[in-house]
Amino acid sequence: MRYISTRGQAPARDFEDVLLAGLAEDGGLFLPETWPVLSAGEWRALRGLPYAELSARLMALFTGPGIPEAELLRMTRAAYGGFGHAATAPLVQIEPNLFSLELFHGPTLAFKDMAMQLLGLLFDHVLEKRGERITIVAATSGDTGSAAIEACRDRAAIDMVVLHPEGRTSEVQRRQMTTVLSSNIHNIAVQGSFDDCQDLVKAMFGDVPFRQEMRLSAVNSINWARIAAQVPYYAYAALALGAPDRPVAFSVPTGNFGNVLAAWVARRMGLPVETLIVGANRNDILARFLVSNDMSMLPVEPSLSPSMDIQVSSNFERLLFELLGRDPVATADIMTRFRAEGRMPVPDAAWKQATTLFAGFTLSDEGTLEEIRRLYAESAYLADPHTAIGTAAARALRPQDCSIPVVVAATAHPAKFPDAVEQATGFRPPLPARLADLYQREERFAVMPGALADIEAAVRAHARRNAA
Ligand SMILES: Cc1ncc(COP(=O)(O)O)c(C=O)c1O
Ligand SMILES: N[C@@H](CCOP(=O)(O)O)C(=O)O
């Protein structure tokens with residue numbers, strides 16, 4: 001399996017190179033040169049497999065022979081063995097034909113663990129084989145950071161710097177990152193938004209001498225391995241509900257567009273996915289695009305679903321590339337104009353094609369609280385604010401054919417956002433026992449305004465300190 005860049009100026013790479021590179025040298029994102037497609041019979045043969053086995057089988061299609069399937073299976077068993085639920089990602093029925101795919105039973109209580117626990121082991125495998133070390137720079141609106149830290153802490157071959165927007169995560173999210181005092185981890189609170197953090201990460205990758213000097217790598221969903229590792233749970237849910245012999249729809253609370261893109265990939269691989277519903281909070285650039293082809297940037301505004309407070313959704317570029325018939329020149333041109341003009345000029349035909357599968361939905365903070373309250377009262381289901389946007393979107397935009405089950409990606413545990421959940425229900429969800437002393441633990445992080453040169457100096461200093 002080879003990977004190509006959406007901007008067409010980087011050489012094709014294999015999976016291991018793509019894992020370590022994170023972002024392509026031309027600023028584009030890697031995608032498989034050709035999509036692996038399974039026949040209905042091949043999908044049927046995967047029904048009923050335990051999650052770790054399904055994940056290894058599907059990941060093998062993306063890693064290629066460089067990582068033997070037996071080795072992958074060892075990794076997936078290790079990655080998911082410690083999850084707080086025997087099913088890894090249980091499918092819970094909330095209402096007739098409405099299901100919650102709970103992706104938050106990993107160590108940091110958000111869907112990011114589903115990919116990140118595996119990525120940590122993939123990095124170990126490749127770095128050990130090559131005798132290399134890397135510096136990971138990550139941007140987070142709250143969940144990627146702690147999941148990445150948990151997956152890569154105390155690794156001798158990995159230095160990691162995590163940028164989060166100061167004061168814009170929940171306290172639980174911040175503490176999950178800043179109380180990990182491992183010497184290879186450094187947290188920086190940037191005085192800005194998540195988009196500023198993500199721009200800094202991309203700018204560091206764009207600074208080629210710095211990128212090479214530090215051997216930069218990424219764990220955000222710009223890294224193809226993140227998307228690949230998120231595909232199996234969509235297959236797991238679809239197969240459990242009767243695919244490939246019965247279609248399903250997914251509703252995904254969306255920010256950086258990585259999670260819903262993984263569902264699109266599952267469809268591209270042959271699963272019968274009828275609709276992909278994109279749920280957004282007030283930072284609804286993607287929903288506006290889907291409703292009216294208006295992909296125009298507005299300032300990021302804080303909301304009760306802070307992990308989705310994003311305007312520049314990295315992974316949209318991967319979909320755009322596909323919508324444009326895999327034309328890298330047109331993709332690069334549109335992305336450049338988006339950054340320069342703040343509005344993405346998506347050709348009407350491409351937009352129309354997107355709307356045949358994707359549907360966009362926006363929910364205010366008041367609506368989010370109301371949905372959490374309703375779910376708790378009517379279905380005895382406690383949802384976090386992100387998941388609640390997904391369930392509200394599913395109810396609003398489900399396929400007309402009511403027999404098609406809709407699966408909502410439940411992306412975070414309600415205890416990560418106790419203030420919002422308490423505001424809605426009067427009930428403050430407790431953290432699991434292993435995190436019970438989170439509020440008493442020592443925190444360590446730097447606060448920085450976010451000038452690229454200063455952040456690069458901090459990354460360099462951290463890597464030197466840790467290597468010494
Ligand atoms: C809890 C939660 N829900 C939803 C999202 C949005 O997912 P994506 O960025 O893959 O669109 C995020 C952040 O990525 C998240 O942390
Ligand atoms: N919501 C995310 C934002 C980064 O998304 P990613 O999927 O690109 O890592 C977060 O929690 O940090």
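As the structure is a prediction and not an experimental result, all values here were calculated from the model. Read the numbers this way: they start at 1 and go in the same order the structure lists the ligands and their atoms.
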Report task. Measure the acute angle between the ring planes of H186 and H462, then classify it against the limits of 30° and 60° as parallel, tilted or perpendicular. Result -> parallel
Report summary line: Going by the 4.0 angstrom heavy-atom rule, the piece of N256 near ligand 2 is side chain
Query raised in the report: Is a side-chain N or O of D196 found less than 3.5 angstrom from the main chain of S193, in a donor-acceptor match?
Result: yes
Query raised in the report: Looking only at distance, does T144 have an N or O less than 3.5 Å from an N or O of ligand 2?
Result: yes
Query - From A139, S307, A218 - option closest to atom 1 (N) of ligand 2 by heavy atom - result: S307
Query - Within the 6.0 Å centroid threshold, strictly below: F83 and Y51 - result: no
**Report entry** Contact residues of ligand 1 (heavy atom under 4.0 Å), by chain and number
**Finding:** F111, K112, D143, P253, T254, G255, N256, F257, G258, N259, S307, M308, H386, T411, A412
Report summary line: For R226, the atoms of ligand 2 under 4.0 Å from one of its heavy atoms are 6 (P), 7 (O), 9 (O)
Report summary line: Logged contact type for K112 with ligand 2, heavy-atom cut-off 4.0 Å, is side chain
Report task. State, without any angle test, whether N283 and E301 hold a side-chain donor-acceptor pair at a distance under 3.5 Å. Result -> no
Requested in this report: Would you please say whether a donor-acceptor pair under 3.5 Å links the side chains of N281 and D365?
Outcome: no
Query - Aromatic plane relationship, F104 with H413 - under 30° parallel, 30 to 60° tilted, over 60° perpendicular - result: perpendicular
**Report entry** Residue F194 vicinity, atoms of ligand 2 by number, heavy atom under 4.0 Å
**Finding:** 3 (C), 4 (C)
Report summary line: Here the atoms of ligand 2 under 4.0 Å from any heavy atom belonging to T140 are 10 (C), 11 (O), 12 (O)
Report task. Could you check whether the rings of F257 and F358 sit parallel, tilted or perpendicular, using 30° and 60° as the cut-offs? Result -> tilted
Query raised in the report: Any idea which of S141, P165, A110 brings a heavy atom closest to atom 10 (C) of ligand 2?
Result: S141
Query raised in the report: Is a donor on one side and an acceptor on the other found under 3.5 Å between the side chain of D384 and the backbone of H386?
Result: yes
Report task. Please list, chain by chain and in numerical order, all residues satisfying side-chain hydrogen bond (donor to acceptor under 3.5 Å, both in side chains) with T331, sequence neighbours excluded. Result -> none
**Report entry** S314, S221, G258: member with heavy atom nearest to atom 8 (O) of ligand 2
**Finding:** S221
Query raised in the report: Atoms of ligand 2 less than 4.0 Å from G142 heavy atoms?
Result: 10 (C), 11 (O), 12 (O)
Report task. For the residue pair M308 and T254, establish whether any side-chain heavy-atom pair is separated by less than 4.5 Å. Result -> no
Report task. Show which atoms of ligand 2 fall inside a sub-4.0 Å distance from at least one heavy-atom site of D143. Result -> 10 (C), 11 (O), 12 (O)
Query raised in the report: Only one of E171, E150, K416 forms a side chain to side chain donor-acceptor pair (under 3.5 Å) with Q176, so which one is it?
Result: K416
